[in-house]
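In what follows, a single structure is set out as structure tokens and then discussed.
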Amino acid sequence: MPTRIRPLSHGESHDPEVNQMLADGRDGWWEDSAMFGVIGRNPQLLKAIIPVFVSFFGQGSVEPHIHEMMRLKTGQINDCAY
């Protein structure tokens, strides 16, 4: 059975910027911090990928129903509980 990586929660990182990104992911336009919490275990990767997600999803480039279908399919592919 694959090992699951436990996502970081807001406040668990030693990097204040990562903690803020996790809070923004939880409370902001994404409303789901689990994926960001896993990526946040590599702070440089999280800092690089957030602007990409914002440009695709935060600016309305991808319609909300397409965005949700992408999240569902990603959860199915990764066998996660989303």
Side-chain angles (χ1 to χ4, degrees):
M1 177 169 218
T3 302
R4 300 284 177 180
I5 299 170
R6 189 185 66 76
L8 290 176
S9 294
H10 172 259
E12 287 188 306
S13 176
H14 297 294
D15 185 329
E17 189 176 356
V18 168
N19 285 322
Q20 185 59 52
M21 290 175 164
L22 294 174
D24 291 345
R26 179 193 65 211
D27 302 330
W29 57 270
W30 191 258
E31 296 181 350
D32 181 1
S33 62
M35 182 180 72
F36 291 153
V38 171
I39 298 170
R41 294 201 169 273
N42 182 331
Q44 295 306 321
L45 179 59
L46 183 66
K47 291 174 185 180
I49 200 70
I50 290 286
V52 175
F53 283 121
V54 169
S55 70
F56 284 139
F57 305 114
Q59 305 298 319
S61 300
V62 176
E63 295 179 35
H65 72 282
I66 299 293
H67 180 207
E68 187 63 16
M69 288 191 311
M70 291 169 64
R71 289 169 67 166
L72 290 169
K73 187 61 176 176
T74 300
Q76 180 185 28
I77 289 168
N78 292 313
D79 193 28
C80 75
Y82 178 78

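Cluster annotation: Leu45 is not connected to Val38 through the hydrophobic network of ILVMFWY side chains, with a link wherever side-chain heavy atoms come within less than 4.5 Å. Neither Ile77 nor Phe53 shares a network with the other; the hydrophobic side chains, linked directly or stepwise wherever heavy atoms of I, L, V, M, F, W or Y lie under 4.5 Å apart, form separate groups for each.
Within a 6.0 Å sphere centred on CD1 of Ile5, other residues, nucleotides and ligands contribute 12 heavy atoms or fewer.
Taking all atoms of both residues into account, the shortest heavy-atom contact from Gly40 to Val18 is O-CG1, 4.2 Å. Leu22 and Ser9 make their closest contact through CD1-O, 3.7 Å (heavy atoms, listed as atom of the first residue, atom of the second, distance). Here the shortest heavy-atom pairing between Pro7 and Ala34 reads CB-O, 3.5 Å.
From Asp15, atom CG reaches atom CG of Leu46 across 9.0 Å, with rounding to the nearest 0.5 Å. Between the CE atom in Met35 and the CD1 atom in Ile39 there is a gap of 4.5 Å [rounded to 0.5 Å].
No donor-acceptor pair under 3.5 Å is formed between the side chain of Asn19 and the backbone N or O of His10.
Taking a cutoff of 4.0 Å between a charged side-chain nitrogen and a carboxylate oxygen, Glu12 and Arg6 qualify as a salt bridge.
Each of Leu8, Ile50, Asp24 was scored for a side-chain contact (heavy atoms from CB on, under 4.5 Å) with Phe36, with one residue passing: Ile50.
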